[in-house]
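Note that ligands are numbered from 1 as they come in the structure, with each ligand's atoms numbered from 1 the same way.
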Amino acid sequence: MLAEQQPLLRTKGLTRRFGGLVAVSDLDLEIRPREILGLIGPNGAGKSTTFNLISGFYKPSAGELFVFGENCTGRSPLAISRLGLVRTFQHGSLMRSMTVGDNILLGTIHGVRGSAQRRARVAETAEMLGLTAYLAEEAGNLPHGLQRLVSIGIAFAARPKLLCLDEPLTGLNQTEVANTLAVLERIRDEFSCSVLLVEHNMKAVMRVCDRIVVLHHGQHLATGTPSEIRADQKVIEAYLGHRHEH
Ligand SMILES: Nc1ncnc2c1ncn2[C@@H]1O[C@H](COP(=O)(O)OP(=O)(O)OP(=O)(O)O)[C@@H](O)[C@H]1O
């Protein structure tokens, strides 16, 4: 198989139990180069657990995780991030009392050598996110939507090959959502970076994702393009028929 056709990430039978509860069960999924993959499902479906398993924050109870072809099962989050998989956190990952520029600089620490190169990376990242005018502002003073973009900026400053975003649209207004989706498309198209998007905003997921994986009760329910998922009877019954946005 040609390198560019290999999935960036693949799970095989990935399982995580918490006591008697199986939060993720026997999950096979793959993330391909240059795609935005949505991970959706009702509350408690296992999305966050999957996200934590993929980024190394949880160890699987069973199954395997391959990142860029390497077996990463049981590896630490730092070891996995050094391969080029970077994640954000549901409630943002920024330092409120630091400037936007210094926040983005944090994201360059492991991946970029030399202060001039780091400054250039911060400037390029800020430009890409539309944050150049705010570089000297304290991050905590920015509107919520811009703070969320700064969190993406910190993660993207490392120039990952796979960017994993945990509910990046929560609390954003329509303009901010549209803005963030445009950023995700640029990340995919201009930097050839894949994005894993865990998100409850279905309209946004349907608009921006190339493919979508649906979980239900910790199990894989469906995978497909947005139009395939919208038309999937199992998905409509389990999820899309109800309104689970929050
Ligand atoms: N650390 C934990 N300890 C015990 N149970 C957990 C833990 N994390 C998750 N669970 C349980 O695992 C199941 C899956 O939870 P998870 O948070 O992965 O779902 P989710 O799809 O992300 O939900 P939401 O949309 O509400 O964020 C739930 O029943 C949850 O209560």
Numbering as shown, the atoms of ligand 1 that approach Y58 to under 4.0 Å (heavy-atom distance)
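Near Y58, the atoms of ligand 1 are 1 (N).
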
Near H200 (heavy-atom distance under 4.0 Å), the atoms of ligand 1 are 25 (O)

Listed by chain and number, what are the side chain to side chain donor-acceptor pair (under 3.5 Å) partners of S61, not counting sequence neighbours?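 With neighbours one apart ignored, the set is empty.
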
One should read off an interatomic distance between L9 CG and C72 SG, to the nearest 0.5 angstrom, of 8.5 Å

Output yes when the distance from some N or O of ligand 1 to some N or O of [X] is under 3.5 Å, and no in every other case.
X   : answer
G46 : yes
G41 : no
A23 : no

Within 45° cone and under 6.0 Å: R87 NZ/CZ vs F57 ring
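Output yes; distance and angle both within limits.
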
Open item on the list: Ring of F66, cation from K12 - is the NZ or CZ under 6.0 Å from the centre and inside 45° of the axis?
Closed with: no

Just going by heavy-atom distances, which of [options] is nearest to [atom]?
atom                    : options             : result
atom 24 (P) of ligand 1 : V24, N43, N52       : N43
atom 21 (O) of ligand 1 : H216, E199, K47     : K47
atom 13 (C) of ligand 1 : G44, G218, P42, A45 : G44

- Message: Other residues, nucleotides and ligands only: do more than 12 of their heavy atoms fall within 6.0 Å of CZ on R207?
- Response: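 Incorrect, the count does not exceed 12.
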
Side chains of Q147 and R96: is there a donor and an acceptor less than 3.5 Å apart? yes

- prompt: Is there a donor in the side chain of R16 and an acceptor in the side chain of T50, or the other way round, less than 3.5 Å apart?
  reply: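 Per modelled atom types, R16 and T50 side chains form no pair under 3.5 Å.
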
Please work out, at 4.0 Å between heavy atoms, whether the side chain, the backbone, both, or neither of L21 comes within that distance of ligand 1.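 It is the side chain that touches ligand 1; the backbone stays farther off.
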
